[in-house]
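These notes concern the structure reproduced below.
Sequential numbering from 1 along the given sequence is applied to the chain's residues. Note that the coordinates shown come from a computational prediction; the quantities given were computed from them, not determined experimentally. The figures here come from the full heavy-atom set of this structure, side chains too, leaving out hydrogens, waters and symmetry mates.
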Amino acid sequence: MLGESVDYPRYLLRMTELELLDRDGAPPSGAFSSTLPGGQEPDTFEFLSIPSVNKALVLELARCEFLQRRENVLLLGNSGTGKTHLALALGLAACQRGHRVRFTTAAAMVHELMEARDEKRLLRFQKQMAATNC
């Protein structure tokens with residue numbers, strides 16, 4: 001996506017639609033790959049544009065072996081460094097290998113956790129998240 005001529009307003013609209021679907025009870029996470037914006041694959045990432053991104057590590061993560069080891073992947077960085085692109089690419093790679101995927105932002109996850117805590121269902125929410133491996 002980086003380096004391409006992208007209709008940015010349309011992309012933002014699609015991301016907003018996906019967020020609203022998620023809030024309103026989106027389809028099961030197994031349907032995730034069918035709702036991903038196009039072009040979000042590790043090999044479409046413009047590694048030369050952001051040299052701090054470790055290409056070998058990204059391609060290794062795309063093999064999804066970290067899932068069998070039950071390891072987490074956390075993408076950190078400034079705005080515009082490709083975190084969302086890479087997260088969606090890894091999610092797509094996992095879906096293509098038959099894994100269930102849930103895509104969320106840190107802000108949305110914090111909101112869900114706070115809401116569960118306020119409603120005194122935090123432990124149940126944490127167990128639900130652990131059970132679904134999302």
Side-chain angles (χ1 to χ4, degrees):
M1 173 174 246
L2 296 174
E4 295 177 16
S5 176
V6 175
D7 182 1
Y8 196 68
R10 188 174 310 185
Y11 175 76
L12 285 177
L13 176 62
R14 182 67 178 141
M15 294 302 292
T16 303
E17 290 171 342
L18 292 172
E19 178 68 22
L20 289 173
L21 281 173
D22 187 52
R23 288 182 186 182
D24 293 336
S29 57
F32 180 81
S33 62
S34 67
T35 62
L36 286 174
Q40 308 295 21
E41 298 181 21
D43 59 347
T44 65
F45 189 80
E46 294 288 334
F47 290 100
L48 296 177
S49 299
I50 306 173
S52 61
V53 175
N54 184 332
K55 182 177 182 176
L57 177 59
V58 170
L59 296 177
E60 177 187 330
L61 290 171
R63 291 194 305 264
C64 300
E65 294 170 357
F66 68 94
L67 294 171
Q68 283 79 32
R69 295 187 303 265
R70 301 184 65 78
E71 295 174 347
N72 296 315
V73 173
L74 186 61
L75 304 174
L76 301 171
N78 293 328
S79 179
T81 56
K83 298 177 303 292
T84 300
H85 180 116
L86 292 174
L88 292 170
L90 294 176
L92 179 60
C95 286
Q96 290 170 341
R97 287 167 176 74
H99 296 281
R100 293 179 0 162
V101 172
R102 179 178 183 203
F103 179 81
T104 189
T105 63
M109 180 61 71
V110 168
H111 177 75
E112 286 183 78
L113 288 166
M114 289 174 57
E115 194 173 82
R117 181 201 62 196
D118 293 346
E119 295 174 5
K120 305 214 183 308
R121 57 178 181 83
L122 183 58
L123 186 58
R124 184 173 14 146
F125 177 75
Q126 288 172 322
K127 287 180 181 177
Q128 177 186 3
M129 293 300 290
T132 59
N133 295 318
C134 291

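Taking every heavy atom of both residues into account, A93 and C64 meet most closely at C-SG, 3.8 Å. Considering all non-hydrogen atoms of both residues, A94 and L67 come closest at CB-CD1, 4.0 Å.
Side-chain atoms of K83 do not come within 3.5 Å of backbone N or O of L74 as any donor-acceptor pair.
Rounded to the nearest 0.5 Å, atoms CZ (R121) and CD (Q128) are 8.0 Å apart. The distance from the CD atom of E112 to the CG atom of L122 is 11.5 Å, given to the nearest 0.5 Å. Rounded to the nearest 0.5 Å, atoms CD (E71) and CD (Q68) are 10.0 Å apart.
Evaluation of the side chain to side chain donor-acceptor pair (under 3.5 Å) rule for R97 yields no partner, not counting sequence neighbours.
V73 and L76 are assigned to two separate hydrophobic clusters, defined by single-linkage of ILVMFWY side chains at heavy-atom distances under 4.5 Å. Linking ILVMFWY residues whenever their side-chain heavy atoms come closer than 4.5 Å, directly or via other members, places F66 and L57 in the same cluster.
The 12-atom threshold is exceeded at CG of D118, counting heavy atoms of other residues, nucleotides or ligands nearer than 6.0 Å.
Counting heavy atoms from C-beta outward, E60 and R63 have side chains that approach closer than 4.5 Å.
Each of L75, V58, T81 was scored for a side chain to side chain contact (heavy atoms under 4.5 Å, CB included) with V53, with one residue passing: V58.
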